[in-house]
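In each ligand, atom 1 is the first atom listed, and ligand 1 is the first ligand listed. In this text, all values refer to a predicted model and were calculated from it rather than measured experimentally. Sequence positions, counted from 1, serve as the residue numbers for this chain.
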Amino acid sequence: MARILIIGGGIMGSAIAYHLACAGAAADVVVVEPDPTYEFAATPRAVGGIRLQHAIRENVLMSLYGDTVYADFAAHVTGGKVSFDPQFRRLGYLFLVEGAAAVAALEENAQMQAACGVEVEVLGAAELRRRYPEFAFPHVDAGALTPADGQIDPNAALMGYRRAAEGRGIAYLRDRVVGLELRGNRVVSASLGSGGTLPVEIVVNAANCWAAEISAMIGMRIPIEPMRRQQFHFTAQQELQPFPCIRHLHGLAVRRHAGVYLSGFTRFNEAGGFNWALEHEVFESFLWPQLAELSPAFEAIRPRGGWVGHYDMNRLDGNPLIDWYDRVPNFLLCAGFSGHGLQHAPAVGRGVAELILQGGFRSLDLSLFSWRRVVENRPIPDDGPTA
Ligand SMILES: Cc1cc2nc3c(=O)[nH]c(=O)nc-3n(C[C@H](O)[C@H](O)[C@H](O)COP(=O)(O)OP(=O)(O)OC[C@H]3O[C@@H](n4cnc5c(N)ncnc54)[C@H](O)[C@@H]3O)c2cc1C
């Protein structure tokens with residue numbers, strides 16, 4: 001019998017399973033995941049940024065733990081018959097802002113990040129131009145530079161966690177949860193697409209963009225929905241000197257990635273839901289002019305295509321919900337990562353395993369990401385970089 005059912009075997013479900021297995025609970029866990037190729041899952045579609053710049057202390061600390069794990073993956077994620085190398089590299093991150101209020105917030109956030117142990121420097125526009133002469137930095141009053149921010153191969157990280165969890169005895173069932181049955185206020189079984197039924201004592205909803213569908217099975221309405229993120233890659237006629245991942249508060253982002261340049265676009269006000277269309281005209285008419293303004297080297301470029309993925313966007317505040325559901329106390333929601341989930345998966349996997357097996361967070365207090373804030377309509381204030 002599966003005492004603990006994890007719904008969704010992406011990086012979140014697999015990191016949770018891995019930590020449960022490390023704590024000796026493997027025999028009690030089953031992960032239900034319908035697609036071993038992860039074709040539509042977010043994890044393999046992620047860019048792979050491990051960003052230490054956040055405005056919320058817990059997010060910084062989760063990223064720092066992600067950094068520790070991904071930078072030495074073979075030492076931290078063990079037990080698999082096959083090992084995977086997520087190829088961690090430090091590329092740095094530069095977050096740009098415009099306007100006095102945004103500069104003040106940037107400085108305050110940098111102080112908090114430094115107190116957490118992050119190497120961070122706030123630079124004025126003139127200093128930015130001196131350090132990165134190939135960039136014009138229009139509409140920029142200051143930037144925060146975190147040179148140690150990393151980049152990984154998301155698929156290798158996912159497969160590394162999954163194979164390590166399996167190597168430690170976790171069962172992955174190739175199936176889909178299509179229903180959850182309640183007795184009183186507890187989930188007692190899950191119905192599977194194959195027709196089977198799985199008795200359960202604890203359910204973890206790690207289904208990311210599908211989390212709302214799963215929660216709805218027990219009458220829980222959550223403010224999480226799929227939000228399209230379009231990624232475009234291009235080459236430039238003139239090769240630029242190495243530069244950190246650049247992101248402007250207004251949304252423009254560019255980084256060097258696997259021999260090309262990469263820029264992304266999210267229309268935050270578009271209706272939620274899956275939309276797999278890649279709008280090439282957005283790159284041509286919206287992103288490219290901004291890129292050319294940022295650096296003259298981006299005037300002569302060649303678009304090379306792109307891809308679409310979806311964030312599990314928490315419309316309340318862009319931060320995750322990692323908590324038991326008060327009305328069904330054996331149902332744990334772990335979703336809403338809103339574009340940060342890859343970097344936070346190691347800390348979330350560890351934290352959720354503690355919540356289940358030890359009755360509370362032990363290594364890092366993640367209680368800020370409570371369900372209560374949805375019930376009370378109390379978003380976490382967050383003026384940091386959006387995903
Ligand atoms: C374009 C893009 C770029 C990103 N870049 C970054 C980045 O640079 N850094 C970063 O930290 N994060 C990034 N993210 C976010 C990151 O990818 C996600 O937060 C993270 O991968 C979420 O992992 P997950 O396991 O929760 O979700 P997923 O990988 O989506 O896994 C969820 C799984 O649930 C399964 N499932 C669905 N329905 C059911 C069901 N009924 N029964 C059982 N299983 C089910 C699905 O098949 C899926 O495999 C990015 C995301 C996108 C889309």
Side-chain angles (χ1 to χ4, degrees), residues 5-17 30-52 54 59 62-63 66-67 70 91 93 149-155 157-159 161-162 172-180 190-194 198 203-217 224 226-232 245 247 253 255 257 262 264-266 274 276 278 306-314 318-320 322 333-349 352 385 387:
L5 163 65
I6 299 175
I7 305 176
I11 195 151
M12 221 43 93
S14 295
I16 295 166
V30 65
V31 180
V32 174
E33 167 56 55
D35 180 11
T37 72
Y38 296 100
E39 184 179 359
F40 299 108
T43 307
R45 291 172 182 265
V47 169
I50 309 302
R51 161 158 67 84
L52 304 174
H54 292 273
N59 281 338
M62 284 202 290
S63 289
D67 176 293
Y70 290 132
L91 299 183
Y93 186 93
D149 288 31
Q151 171 84 38
I152 61 164
D153 170 353
N155 195 51
L158 164 58
M159 294 317 294
Y161 266 115
R162 176 169 175 160
Y172 277 68
L173 209 56
R174 184 174 180 180
D175 216 321
R176 180 181 296 279
V177 172
V178 294
L180 293 171
S191 304
L192 303 176
S194 62
L198 214 53
V203 175
V204 180
N205 178 357
N208 190 47
C209 288
W210 299 268
E213 274 174 39
I214 301 294
S215 290
M217 293 173 187
I224 297 171
M227 190 180 79
R228 177 172 57 156
R229 172 87 179 158
Q230 302 185 56
Q231 298 288 355
F232 300 93
C245 166
R247 184 180 288 266
R255 69 169 73 204
H257 182 77
L262 192 63
F265 176 72
T266 305
F274 289 106
W276 296 100
L278 184 69
W307 76 96
V308 170
H310 293 84
Y311 292 166
D312 54 335
M313 192 68 202
N314 180 356
N319 281 289
I322 309 170
L333 175 62
C334 180
F337 291 92
S338 308
H340 315 142
L342 187 70
Q343 61 204 272
H344 290 161
V348 172
V352 169

| field | Nearest heavy atoms of Gln151 and Leu91, plus distance in Å | value | CB-CD1, 3.7 Å
| message | Please check: side-chain N/O of Gln343 versus main-chain N/O of Gly150, any donor-acceptor pairing under 3.5 Å? | response | no
| note | Nearest heavy-atom approach of Arg247 to Pro385 is CD-CB, 4.3 Å
| query | Exactly which residues line ligand 1, taking a heavy atom under 4.0 Å from it as the test? | reply | Ile7, Gly8, Gly10, Ile11, Met12, Val32, Glu33, Pro34, Tyr38, Ala41, Ala42, Thr43, Arg45, Ala46, Val47, Gly48, Gly49, Arg176, Val177, Ala206, Ala207, Asn208, Trp210, Ile214, Arg229, Gln231, Gly309, His310, Tyr311, Phe337, Gly339, His340, Gly341, Leu342, Gln343
| message | Run Val348 and Met12 through side-chain contact (heavy atoms from CB on, under 4.5 Å) and show every step you take. | response | CA-CA 7 Å; Val348 172; Met12 221 43 93; 3.8 Å; yes
| field | Over all atoms of both residues, closest heavy-atom pair of Arg45 and Phe40 | value | NE-CA, 4.1 Å
| query | Where does the angle between the aromatic ring planes of His310 and Phe274 fall among parallel (under 30°), tilted (30 to 60°) and perpendicular (over 60°)? | reply | perpendicular
